[in-house]
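Data block below; observations after.
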Amino acid sequence: MKRKIPYLFLLFSALIVSGQVTLAISEVREAKVNQNFELTVLLEISGENMAQETPLRMPDLSKFNIIGSASDQNTLVVDAKKGNVLNQTVFQLVLAPRQSGRVKFGSVLVTVNGKIYKTEPFDLFVRESEKSSVASVKTDNSVHLNLEIQDKVVYKNEPTLAVLRATSRDYGNLRNLKNIRYPDQNNLNIKQVSSSKSEIETRSGMASQIVGTFVIYPTESGTIEVNPASASLANTRNSKRISSNKVNLKVKKLPAGMPINYKNAVGKFEVALISTNSGDALEMEKPISVTVQISGAGNFSTLHLPKIVESENYNFYPPKITSVTNAGSDGLYGSITADYLIVPKKIGTIPIMLEDFSFFDPGTNQYVDLGRKTLLLNVKSKDDILASRSTLEKVNEYTNTVLETVNTPILPTENLKLKSKDQINWQAIAGNLGLLAVLLSLTLLVRKKVKEKPAKVKPTPQYQTIGAITETEETIRKNWNNRWEDDVEYLKIVADSKDFTKFFTTYEDLNRQTKEHFSVAAESDFKKFLENEKGAYIADEYRKLTEQIQIEKYAPLQSEEHIDELLQSIITIYSAINK
């Protein structure tokens, strides 16, 4: 890649140079429908004080199929004329136009030191692709892995979502991908979010599928090159291993103003200090269980747990640490607990103090200091505990002590046996026969009364007139419209309450009910149904909404603005689907 960079300058006609920042793009004047072409963006930043604050932002690409994307960054490129060291990024896109005609390609944007730089837009003339004979078509059986990182500019220990996508012209190759391995390196912590594969999508004859999602935590600042992910491609003949592209991750240093008690925590956390013996009488020189719990979402694997502060009022033993965490779209979430055994040395109210704890919240770019947690324990002597007990408690304790310490004698038991009788008891037999006769008489009397009652006339059922089939269908359609509109109203309530997890769950229920209403089960079949029944535009808008839902669902941090945009898109698209 480094050898090709000098030749790329010859391709760039839309070039912007402002001081120490250079942003350029290779213009493509002509292309054909559904045929791939490569687009290259070059960014150069010169100077130690120049900081790239946003990643490269692409223009609207809705008129193109995105076949793949990758970037390569070279941090040690020397300018021969000025002698400066350039921080150089080359970003490449492989696109395929969807329709013929004149298409305007917009500006690429980037923010450096608070200033926005952009390239000039250009026109692209797209011609119809030439039809070729079947004999001239060659099948490309190769498989490509593309590693995509959602946010390439993060803070140290801040999570960022990464997606591994496989593309091929042969569906069978995607099914043969196995043994996916994620990059393993010292300056990164990688936690897998999901190993399930998404449904296969087809664009311009190219099939693509997400084969893995994981979260990356950089443990040091600076520019980090994420090693390629790999997978095995197995078939009936042979097996080979393929690798993805490398991605550069820019890790920013934490801002100034770091608290003294900062524990290397990045995310959102809560700290609790509790005692499991709080309901019992606490006795001096007797161990007490105290638990320190940190819960929330963030870098549980690299943060430092706050410890209990030493004091002359108590002694404590090293804690037993338990971690219960899961990898999710917003990083690791769960809790870490440290269970202490504390032995009080004095009588009275004893404060158990925990070290101060603070963390950095990347959502607000601020440090949050939770302060020092204190747990008050009321410790008593043994005599005070005995004196405070009631008479019933003393009796119960004395009884329990006797049962535990005194040997209770075992009482002998005798087996009861029925004595046999040689004589028959005729009086008992006569009594039983009389009772049986009375019961038989009552049964016959009840049957006679039932037969004498007049038979009840069965009511004639009243049948309601069923309306026409069209009226019935209209009623069902109105009931369905009310159902999906109720789901949308519930989505608004969930979005206002900022319960983003419930938001995505509710949307999945709405999507499933919509498919059931149209008697479509698979996602691919539903897209074909929309294209045939609702038109290509609605089908394309639904595909975009699905991709936005997946991206925002697994985003490290969800924002209210993005959720509101998704909500408006859901209302617009599903209104069109249910017309």
Going through the distances and angles, do Glu148 and Arg165 end up as a salt bridge (Lys or Arg N to Asp or Glu O under 4.0 Å)?
CA-CA 8 Å; Glu148 304 171 1; Arg165 183 184 294 272; 3.8 Å; yes

Contact between [X] and [Y] at the side-chain level, heavy atoms closer than 4.5 Å - yes or no?
X: Thr167; Y: Val143; answer: no
X: Glu523; Y: Lys527; answer: yes
X: Ile216; Y: Ile149; answer: yes
X: Lys250; Y: Val154; answer: no
X: Val251; Y: Lys156; answer: yes
X: Tyr314; Y: Ile352; answer: yes
X: Val271; Y: Leu354; answer: yes
X: Lys246; Y: Leu147; answer: no

Using only heavy-atom distances, determine whether the side chains of [X] and [Y] contain a donor-acceptor pair under 3.5 Å.
X: Asn157; Y: Asn264; value: yes
X: Tyr507; Y: Tyr574; value: yes
X: Thr111; Y: Arg57; value: yes
X: Asn261; Y: Ser358; value: yes

Audit row: Asp487, Gln513, side-chain contact (heavy atoms from CB on, under 4.5 Å) steps and yes/no
CA-CA 10 Å; Asp487 290 339; Gln513 293 173 5; 2.8 Å; yes

Does [X] pair with [Y] as a salt bridge, N-O distance under 4.0 Å?
X: Arg512; Y: Glu508; value: no
X: Glu547; Y: Lys544; value: no
X: Lys373; Y: Glu355; value: no

Please find the pair of heavy atoms, one from [X] and one from [Y], that lie closest to each other, and give the distance.
X: Leu282; Y: Asn378; result: CB-O, 3.6 Å
X: Ala521; Y: Lys515; result: O-CD, 3.8 Å
X: Tyr317; Y: Tyr340; result: O-CD2, 3.6 Å
X: Ile347; Y: Ser381; result: CD1-CB, 3.6 Å

Distance from [X] atom [atom1] to [Y] atom [atom2], nearest 0.5 Å?
X: Ile573; Y: Leu566; atom1: CD1; atom2: CG; answer: 9.5 Å
X: Ile336; Y: Leu303; atom1: CD1; atom2: CG; answer: 5.5 Å
X: Thr514; Y: Tyr542; atom1: OG1; atom2: OH; answer: 8.0 Å
X: Gln185; Y: Asn227; atom1: CD; atom2: CG; answer: 4.0 Å
X: Ile180; Y: Tyr182; atom1: CD1; atom2: OH; answer: 5.5 Å
X: Ser232; Y: Ile242; atom1: OG; atom2: CD1; answer: 8.5 Å

Tyr217 and Asn187: CA distance, side-chain angles, deciding distance, side chain to side chain donor-acceptor pair (under 3.5 Å) verdict
CA-CA 9 Å; Tyr217 292 89; Asn187 50 7; over 6 Å; no

Ignoring hydrogens and geometry, is there a side-chain-to-backbone donor-acceptor pair from [X] to [Y] under 3.5 Å?
X: Thr572; Y: Ser569; value: no
X: Glu158; Y: Val266; value: no
X: Glu310; Y: Phe316; value: no

Face-on cation placement of Lys252 at Tyr155 ring, 6.0 Å and 45° thresholds
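Yes, Lys252 sits over the ring of Tyr155.
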
Can you say whether the rings of Phe357 and Phe269 are parallel (under 30°), tilted (30 to 60°) or perpendicular (over 60°)?
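Ring orientation of Phe357 relative to Phe269: perpendicular.
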
Determine whether Asn315 and Ile342 satisfy the following criterion, side-chain contact (heavy atoms from CB on, under 4.5 Å), listing intermediate values before the conclusion.
CA-CA 6 Å; Asn315 292 328; Ile342 296 180; over 6 Å; no

Only distances under 3.5 Å count here; give the side-chain donor-acceptor pairs of residues 284-298 to other protein atoms, sequence neighbours excluded, each with its distance to 0.1 Å.
{"residue": "Thr291", "atom": "OG1", "partner": "Asp339", "partner atom": "OD1", "Å": "3.0"}

If you draw a 6.0 Å radius around CG in Asn186, do more than 12 non-hydrogen atoms from other residues or ligands fall strictly inside?
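Incorrect, the count does not exceed 12.
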
Intermediate values then yes/no, side-chain contact (heavy atoms from CB on, under 4.5 Å), Leu43 and Gln52
CA-CA 10 Å; Leu43 173 63; Gln52 180 181 347; 3.6 Å; yes

Pair Ile570, Ile549 - check side-chain contact (heavy atoms from CB on, under 4.5 Å), show working.
CA-CA 10 Å; Ile570 292 172; Ile549 288 287; 4.3 Å; yes

Passes ring pair (Phe, Tyr, Trp, His ring centres under 6.0 Å), Tyr367 versus Tyr262? Steps please.
CA-CA 9 Å; Tyr367 292 96; Tyr262 179 66; 5.6 Å; yes

What verdict does the side chain to side chain donor-acceptor pair (under 3.5 Å) test give for Arg181 and Ser230, after you've listed the backbone C-alpha separation in whole Å, the side-chain angles of each residue and the deciding distance to 0.1 Å?
CA-CA 5 Å; Arg181 297 179 183 176; Ser230 61; 5.6 Å; no

